[in-house]
Structures are given as C-alpha cells and as structure tokens.
Amino acid sequence: MHEDVARVLISEDALRDRVAALAGEIEQAYEESLAGITVVAILTGAVVFLSDLMRHLPYRMEVGYITVSSYTGPVVTSGGAKLGVISLPELRNRDVLIVDDILDSGGTLRVVQSVLRDRGPASLRTAVLLRKPGKAPAEVAADFVGFDVEDVFVVGYGLDFDGYYRNLPYIAELKSERYGRSPDDA
Ligand code: XMP
C-alpha cells in the first residue's frame with residue numbers, strides 16, 4: 001500500500017470484477033444500437049475507468065472527451081463545474097454514453113449532460129465508477145454505477161488529490177496529514 005494511503009476502500013481485484021460486470025449491464029442496455037455507440041469521457045478522472053471499461057464493450061464505438069474543472073480547492077468539490085477542452089464527434093442521433101469517475105455533488109454531470117443533450121443525441125446515458133449516495137440532486141443521475149462509496153475524499157484509479165495519486169491501482173482514502181489540514185475541515 002502507498003505510504004500516503006490511510007486505507008483502501010476498493011481493491012484492485014474488486015475494481016476489475018465490478019468493471020467487467022458493469023460492462024455486461026451496459027452491453028445489454030445497448031443491444032439494439034446496431035450503428036454503435038459514442039462514448040464521451042470526462043477527463044482527467046475517468047481515464048483509467050474508460051480504458052478498462054471500453055475494452056469490455058464489443059460495440060462499434062467512437063470516443064470523445066470533455067475536460068472539466070469542478071472543484072475550487074484540492075479537496076472541496078463545488079457545484080460550479082467549468083468546461084475546458086471539448087473534443088467530440090457528431091452526436092446527433094447517436095446513442096451516447098457519458099463515462100465519469102465519480103458522481104459527488106452532481107455539478108459536473110449536470111453541466112455535461114446539458115451540453116450533450118443540446119447536441120441532439122438519440123439517447124443519453126451515464127456510467128460512473130463511484131457515487132456518493134444522497135449528495136447529487138435527483139435530476140442528476142447515473143444509469144450505471146460501479147460502487148456507492150462513503151462521503152470521504154477518495155483517490156486512485158484515475159482520481160487525484162491536487163493532481164497526484166491517479167496511478168494508484170485501487171480506490172483509497174489518503175492519510176489526513178496529506179491534505180495539509182483535516183478532511184473534516186473541508
Ligand atoms: P461533482 O461534485 O461535480 O464531482 O459531482 C465530480 C468531480 O469532482 C471530482 N471529485 C473528486 N475527486 N475524489 C476525487 O479525487 C473525490 O472524492 C471527489 N469528489 C469529486 C472528480 O473530478 C469528479 O469528476
């Protein structure tokens with residue numbers, strides 16, 4: 001275990017198994033999509049989840065991405081998501097699947113879902129690896145969820161603290177001293 005990690009919440013094996021199972025759920029939902037699907041990843045946090053998930057999906061597939069900065073400090077998430085780079089293929093009349101790392105307050109998905117809906121897809125669904133239950137408003141929902149997690153700041157498997165720890169192969173909580181302040185102060 002990395003020296004900055006207080007505890008592992010989701011192990012590498014559990015991630016591998018659940019991502020494969022989630023891909024099975026997604027495959028079933030799109031079995032009528034003969035023209036293929038368009039995956040839109042929210043970067044950078046979704047990068048590891050995307051690469052593992054998409055290799056389980058047998059569809060003809062296009063991939064685009066949007067970068068979003070969604071939190072004002074290193075730990076505090078905010079409702080105010082700001083879009084950055086948008087690199088998307090044509091979405092009109094396509095079956096579109098958003099792939100994100102975590103549904104927390106819902107600020108990020110609210111903005112991204114709205115921007116993509118405006119492009120006229122045939123359908124729009126969302127897959128998230130993690131969800132903190134009860135935090136996002138009901139209208140900002142994910143169709144496919146890997147794991148519900150407790151409301152602590154998590155890192156690893158693409159998720160960062162201040163730009164680091166994305167390469168940890170598991171989902172973990174950092175030691176409180178790594179935050180420079182208690183996470184309870186956030
Ligand atoms: P919202 O609050 O907009 O959050 O649903 C979504 C984005 O904020 C980041 N985020 C986190 N990143 N650990 C992280 O490393 C967390 O616990 C966490 N909560 C939110 C993340 O980029 C996500 O896409």
Side-chain angles (χ1 to χ4, degrees), residues 1-2 4-12 14-15 18-19 22 39-53 63-87 97-117 124-186:
M1 194 165 82
H2 191 287
D4 295 346
V5 162
R7 62 189 174 120
V8 172
L9 276 79
I10 306 171
S11 70
E12 205 174 339
L15 284 163
R18 182 65 190 127
V19 170
L22 200 60
V39 171
V40 176
I42 304 180
L43 299 183
T44 308
V47 67
V48 182
F49 179 40
L50 170 74
S51 68
D52 282 350
L53 183 71
V63 181
Y65 66 89
I66 294 183
T67 67
V68 180
S69 42
S70 61
Y71 49 95
T72 50
V75 177
V76 184
T77 62
S78 80
K82 264 203 247 149
L83 294 188
V85 179
I86 299 181
S87 174
L97 177 68
I98 299 170
V99 173
D100 198 9
D101 53 358
I102 185 166
L103 174 56
D104 193 325
S105 70
T108 302
L109 272 181
R110 178 198 297 280
V111 172
V112 173
Q113 287 174 342
S114 157
V115 164
L116 298 189
R117 222 174 268 125
L124 183 63
R125 294 186 177 97
T126 300
V128 294
L129 177 70
L130 307 175
R131 174 177 62 186
K132 293 184 180 173
K135 291 200 72 188
E139 71 273 13
V140 185
D143 304 274
F144 308 99
V145 177
F147 300 88
D148 280 329
V149 288
E150 58 194 281
D151 190 11
V152 295
F153 196 81
V154 293
V155 298
Y157 200 75
L159 291 109
D160 73 306
F161 167 69
D162 218 7
Y164 292 97
Y165 307 108
R166 293 192 197 276
N167 54 325
L168 297 181
Y170 43 76
I171 297 288
E173 184 181 11
L174 287 182
K175 288 180 179 163
S176 56
E177 59 264 33
R178 300 308 307 164
Y179 295 103
R181 57 180 169 156
S182 161
D184 295 332
D185 296 336

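Whatever order the structure lists them in is the order used to number ligands and atoms, beginning at 1.
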Which heavy atom in [X] sits nearest to a heavy atom in [Y], and how many Å separate them?
| X | Y | answer |
| --- | --- | --- |
| Leu9 | Val152 | CD2-CG2, 4.2 Å |
| Val149 | Pro133 | O-CD, 3.3 Å |
| Val115 | Leu83 | CG2-CD1, 3.6 Å |
| Thr126 | Gln113 | OG1-NE2, 3.0 Å |

Looking only at non-hydrogen atoms, which of [options] approaches [atom] most closely?
| atom | options | answer |
| --- | --- | --- |
| atom 23 (C) of ligand 1 | Asp101, Leu109, Val68 | Asp101 |
| atom 3 (O) of ligand 1 | Val149, Thr108, Asp151 | Thr108 |
| atom 1 (P) of ligand 1 | Gly158, Gly156, Ser105 | Ser105 |

Just jot down the ligand 1 atoms closer than 4.0 angstrom to any heavy atom of [X], in number order.
| X | answer |
| --- | --- |
| Asp100 | 24 (O) |
| Gly107 | 1 (P), 3 (O), 5 (O) |
| Asp160 | 14 (C), 15 (O) |

At a 4.0 Å cut-off, with the gap strictly under it, does some heavy atom of [X] reach an atom of ligand 1?
| X | answer |
| --- | --- |
| Lys135 | no |
| Val155 | no |
| Gly106 | yes |
| Ile42 | no |

Task: Leu159 N/O under 3.5 Å from ligand 1 N/O - done: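 Checking ligand 1 against Leu159, no N or O pair falls under 3.5 Å apart.
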Task: Test item: side-chain donor near acceptor, Tyr157 and Asp52, under 3.5 Å - done: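 Tyr157 vs Asp52: donor-acceptor pair found between side chains.
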Open item on the list: With a heavy-atom distance limit of 4.0 Å, tell me whether Val152 approaches ligand 1 through its side chain, its backbone, both, or neither.
Closed with: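 Backbone only.
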Open item on the list: Between Asp148 and Arg131, does any side-chain N to carboxylate O distance fall below 4.0 Å?
Closed with: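 So Asp148 pairs with Arg131 through a salt bridge.
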Task: side chain to side chain contact (heavy atoms under 4.5 Å, CB included) involving Ser51 - partner list, sequence neighbours excluded - done: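 For Ser51, the residues satisfying side chain to side chain contact (heavy atoms under 4.5 Å, CB included) (neighbours in sequence not counted) are Arg55.
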Open item on the list: Tell me whether Arg18 contacts the main-chain N or O of Gly146 through its side chain, where contact means a donor paired with an acceptor under 3.5 Å.
Closed with: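 A pair under 3.5 Å: yes.
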